[in-house]
Amino acid sequence: MAEPSDSTPKQPAPPVPLIGLALGGGMARGFAHIGVLKTLSRHGIRPGLVAGTSIGALVGGAYLAGKLDALEDWALSLNRRKIFRYLDFRVRSAGIIGGHRLNAVLDDHFGKMMIEDLPVPLVCIASDLVTGHEVWLRRGSLVDSMRASFALPGVFPPVDLNNRLLVDGALLNPVPVSPLHSYGAHMTIAVDLNADMIGKSRRPGTSYQSVLGFDVFNPEHVDPDDQKPFTGGLGRRIFNREPNAPSLFGVMVSALTIIQDRLTRSRLAGDPPDVHIRPRIGHIGMLEFERAREMIHEGELAAERALDEIHAAVNILIPPKQS
């Protein structure tokens, strides 16, 4: 089992959670989690424990903090130009994006909220960059824990938390079912954002999976004024590409997607959820944040397809007096 994230004295054990929900990593595809949660809430399915990796930690934290609607509004407001404003490139840094602008958004919405203040236990999954250990963040600053969980290596700098350098939890546990079992969930639901391999072939005219959905240096896709943050040496080396070939950034992100998918299959084979929700979003690039509406809708549809299975699992696995 992963080590506790700090040395805070143990608190009295909370009531045994009944339904555990694992929200997987997947960058922009994480907006599908919003749709899943909305559908589950409409049908009275509320988890007693949530574990999230990367974007799953962010959406899970927003959900438990009562800010899911605010996150949805922010996601739906994103367009290409707004996304570019969050890209604060750093030449001499452990990540190509400093993340300060995104951190400011998180601070505005969550402030100094602590994980312990949430009405339901939350576990944010991170990876220790030095030891390679999987770290389960269950106490402390909600914002810092979410940042550590989505600190994608090479993109965002590591987060120094509890005397550890932490990076994206998807490196070790892309769909975190194991914490749910460890903390006593009677029933587990997992939302896997990288399972739709067939969907990757739905975009015609390309021989590779596009992570952005557009060509940064194509004036038909991006206005020349909006290209300016990318025209420096670093931006051009990372995002420039040859015809019908991915960019350096595209190769890096696509490779991570493959690793996450294969690792997810391995982890879930040994620690399977009772219900496995797979939104059909493979055709959406990992950084196509501007397609939030479509991803939220696909998340709703995926949860609706799983409702019969969820209700059947509840009838079998949840004690009648506690359902």
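In this chain, numbering begins with 1 at the start of the sequence shown.
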Original post:
Between Thr53 and Gly24, is there a donor-acceptor pair closer than 3.5 Å when you use the side chain of the first and the backbone of the second?
Top reply: no
**OP:** May I ask you to check whether His283 and Glu294 show a side-chain donor-acceptor distance below 3.5 Å?
**Re:** yes
Original post:
Is Leu263 linked to Leu23 within one hydrophobic cluster, defined over Ile, Leu, Val, Met, Phe, Trp and Tyr using a side-chain heavy-atom separation of less than 4.5 Å?
Top reply: no
Original post:
Do the non-hydrogen side-chain atoms of Leu40 and Ile310 ever get within less than 4.5 Å of each other?
Top reply: yes
Original post:
Is the number of heavy atoms from other residues, nucleotides or ligands under 6.0 Å of His297 NE2 greater than 12?
Top reply: no
Subject >> Cluster check Leu18, Tyr63: I/L/V/M/F/W/Y, side chain < 4.5 angstrom >> reply: yes
**OP:** Please check if atom CG in Asp117 has more than 12 non-hydrogen atoms from other residues, nucleotides or ligands closer than 6.0 Å.
**Re:** yes
**OP:** Please say which of Leu180, Val275, Leu21 ends up in a side chain to side chain contact (heavy atoms under 4.5 Å, CB included) with Met187.
**Re:** Val275
Original post:
Shared ILVMFWY cluster between Ile19 and Ile316, side chains joined below 4.5 angstrom?
Top reply: yes
Subject >> Distance-minimising heavy-atom pair for Ala151 and Pro157 >> reply: CB-O, 3.7 Å
Original post:
Under a single-linkage definition using a 4.5 Å side-chain heavy-atom cutoff for Ile, Leu, Val, Met, Phe, Trp and Tyr, are Leu64 and Met114 assigned to the same hydrophobic cluster?
Top reply: no
**OP:** Could you grab the distance from atom NE2 of His43 to atom CG of Leu307, nearest 0.5 Å is fine?
**Re:** 4.5 Å
Original post:
Under the side chain to side chain contact (heavy atoms under 4.5 Å, CB included) criterion, do Val123 and Leu49 qualify, and how do the steps go?
Top reply: CA-CA 8 Å; Val123 184; Leu49 170 65; 4.3 Å; yes
**OP:** Write down the atom of Val177, the atom of Pro273, and the distance for their closest heavy-atom approach.
**Re:** CG2-CB, 4.1 Å
Original post:
Which heavy atom in Ala190 sits nearest to a heavy atom in Val175, and how many Å separate them?
Top reply: CB-CG1, 3.7 Å
**OP:** Search all heavy atoms of Leu118 against all heavy atoms of Met113 and return the closest pair with its distance.
**Re:** CD2-SD, 3.9 Å
Original post:
Which atoms form the tightest heavy-atom contact between Ile115 and Leu122, and what is the distance?
Top reply: CG2-O, 3.7 Å
Original post:
Side chain of Arg267, backbone of Leu172: donor and acceptor closer than 3.5 Å?
Top reply: yes
Original post:
Between Thr264 and Asp192, is any side-chain donor less than 3.5 angstrom from a side-chain acceptor?
Top reply: no
Subject >> CG on Leu166 to CD1 on Ile125, rounded to 0.5 Å >> reply: 11.5 Å
**OP:** Please say whether more than 12 non-hydrogen atoms of neighbouring residues, nucleotides or ligands are located less than 6.0 Å from CG in Asn315.
**Re:** yes
Original post:
Above 12 or not: heavy atoms from other molecules or residues under 6.0 Å from CZ of Arg293?
Top reply: no
Original post:
Can you find a heavy atom in the side chain of Glu304 that is under 4.5 Å from one in the side chain of Arg42?
Top reply: yes
**OP:** Rounded to the nearest 0.5 Å, what's the gap from OG1 on Thr39 to CD on Glu300? Could you check?
**Re:** 4.5 Å
**OP:** Please tell me if the side chains of Pro279 and Phe31 come closer than 4.5 Å, counting only heavy atoms from C-beta onward.
**Re:** no
Subject >> Taking every non-hydrogen atom, the tightest pair across Ile284 and Met295 >> reply: CD1-CG, 3.4 Å
Original post:
Are the side chains of Met286 and Arg29 in touch, meaning some heavy atoms are under 4.5 Å apart?
Top reply: yes
Subject >> Separation of Ile296 CD1 from Ile34 CD1 (nearest 0.5 Å) >> reply: 4.5 Å
Subject >> Exam field: side chain Ser77 to backbone Trp74, donor-acceptor pair closer than 3.5 Å >> reply: yes
Subject >> N/O donor-acceptor pair under 3.5 Å between Glu116 side chain and Gly140 backbone >> reply: yes
Original post:
Under a 4.5 Å cut-off applied to non-hydrogen side-chain atoms, are Ile55 and Leu193 in contact?
Top reply: yes
Subject >> ILVMFWY network linking Ile258 to Leu268, side-chain heavy atoms under 4.5 angstrom >> reply: no
**OP:** Would you indicate whether the side-chain heavy atoms of Leu137 and Asn162 approach each other to under 4.5 Å?
**Re:** yes
Subject >> Gap separating the CD atom of Gln260 from the CG atom of Leu171, nearest 0.5 angstrom >> reply: 8.0 Å
**OP:** State whether the side chain of Asp168 and the backbone N or O of Ala170 hold a donor-acceptor pair below 3.5 Å, judged by distance alone.
**Re:** yes
Original post:
Judged by atom type as modelled, is there a donor-acceptor pair below 3.5 Å linking the side chain of Ser149 to the main-chain atoms of Ser145?
Top reply: no
Original post:
To the nearest 0.5 Å, how far apart are NZ in Lys38 and CG in Asp69?
Top reply: 7.5 Å
Original post:
So do the side chains of Val191 and Leu37 get within less than 4.5 Å of each other, counting heavy atoms only?
Top reply: no
Original post:
Do the non-hydrogen side-chain atoms of Arg280 and Leu301 ever get within less than 4.5 Å of each other?
Top reply: no
**OP:** Evaluate the side chain to side chain contact (heavy atoms under 4.5 Å, CB included) criterion for residues His311 and Ile45: first the C-alpha distance (whole Å), next the side-chain angles of each, then the deciding distance (0.1 Å), finally the verdict.
**Re:** CA-CA 9 Å; His311 289 308; Ile45 301 165; 4.2 Å; yes
Subject >> Side-chain donor or acceptor of Ser54 paired with backbone N/O of Phe150 under 3.5 Å >> reply: no
